Engineer: 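Pasting a structure here, questions to come.
No experiment lies behind these values; they were computed from the predicted model shown.
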Amino acid sequence: MDSRTAILNKIKKALSDVDKTQLQEPALPRIWDKTGKTREELIEIFSQNLTSVAGQPVVCENDQDAHSKIASVLSEIASKSERPSPYRLGVYPSAIAQETAKSVLATLDNWIAYPIPEDQKVDPKTYEPMTASLVTPLLLLSDTGSCAVEGRTAYERLLCYLSPVCLVVARASQLREHLPDAWDEIETKLRTPGQTGEIALITGPSRTADIEKKLVLGVHGPQRLIVFILKD
């Protein structure tokens, strides 16, 4: 028996003797403390950081203001899109996204929404004509201008990655200072029985640098990311 095998056998024996029922998860180290910023400060910090990574923050006073601004953005997208009308909107299966889409699309003649698929296994080719998507995040992270978005199904993940323009609608109460401030909520969500998929941290539109270090937007995901923050 060589020395490597002998060491591995000792490790296996030591591990086999451990009473796994008595093991406890180590406490997560505190990385950054909360500084008690106000909601208005969090909105300002988030907006600055999102802008710095080529994202577009839009602060809305209420739901009606958000619906008006989203309708304006969709009209602007349609006027510049090379895709044929009617333009297709992928809508995240959450109450705020569904209600927002219903209100906004009622005012637009050339937009329709994709129906939410019943089958979790979807063909991405079905959604290639998608002109824009409307997504709701789990949380927003102010210090990086990031959106933490649940991708529980293939359809939900496609909304974040496939559409040329990704619209995110969130309430100001979903803002957190940084990831450590949000981690307990994310961990609780991931531990929910039956939870599937992923939670993606989306920071601005897709960015890729070529061999000459020239930055190009939209190669591996949305070319535009617009976040509508509703004050509440």
Engineer: What I'd like to find out is whether the side chain of Ile116 reaches to under 4.5 Å of the side chain of Gln98, using heavy atoms alone.
Structural biologist: yes
Engineer: Is there a side-chain contact between Pro164 and Arg83 in this structure, where contact means two heavy atoms from C-beta onward sitting under 4.5 Å apart?
Structural biologist: yes
Engineer: Taking all atoms of both residues into account, what is the closest heavy-atom pair of Leu225 and Pro205, and its distance?
Structural biologist: CB-N, 3.9 Å
Engineer: Evaluate whether atom CD of Gln64 has more than 12 neighbouring non-hydrogen atoms of other residues, nucleotides or ligands under 6.0 angstrom away.
Structural biologist: no
Engineer: Of all heavy-atom pairs between Ala97 and Val91, which one has the smallest distance, and what is that distance?
Structural biologist: O-CG1, 3.6 Å
Engineer: For the residue pair Tyr114 and Thr126, what are the closest heavy atoms and their distance?
Structural biologist: OH-O, 3.7 Å
Engineer: Thr144 versus Asn49: any side-chain heavy-atom pair under 4.5 Å?
Structural biologist: no
Engineer: For residues Thr100 and His67, determine if any side-chain heavy atom of one lies less than 4.5 Å from a side-chain heavy atom of the other.
Structural biologist: yes
Engineer: So Leu179 and Ile186, do their side chains get closer than 4.5 Å, heavy atoms only?
Structural biologist: yes
Engineer: Is there a side-chain contact between Gln174 and Asp232 in this structure, where contact means two heavy atoms from C-beta onward sitting under 4.5 Å apart?
Structural biologist: no
Engineer: For Thr153, give me all partners under side-chain hydrogen bond (donor to acceptor under 3.5 Å, both in side chains), at least two apart in sequence or on another chain.
Structural biologist: none
Engineer: For Arg152, give me all partners under side chain to side chain contact (heavy atoms under 4.5 Å, CB included), at least two apart in sequence or on another chain.
Structural biologist: Tyr92, Pro93, Glu150, Glu156, Gln195, Thr196
Engineer: Please name the pair of heavy atoms, one in Ala132 and one in Trp111, separated by the smallest distance, quoted to 0.1 Å.
Structural biologist: CB-CH2, 4.0 Å
Engineer: For the residue pair Leu50 and Pro57, what are the closest heavy atoms and their distance?
Structural biologist: CD2-N, 3.7 Å
Engineer: For Arg176, enumerate each residue passing the side-chain hydrogen bond (donor to acceptor under 3.5 Å, both in side chains) test, keeping only those at least two apart in sequence or located in another chain.
Structural biologist: Glu185
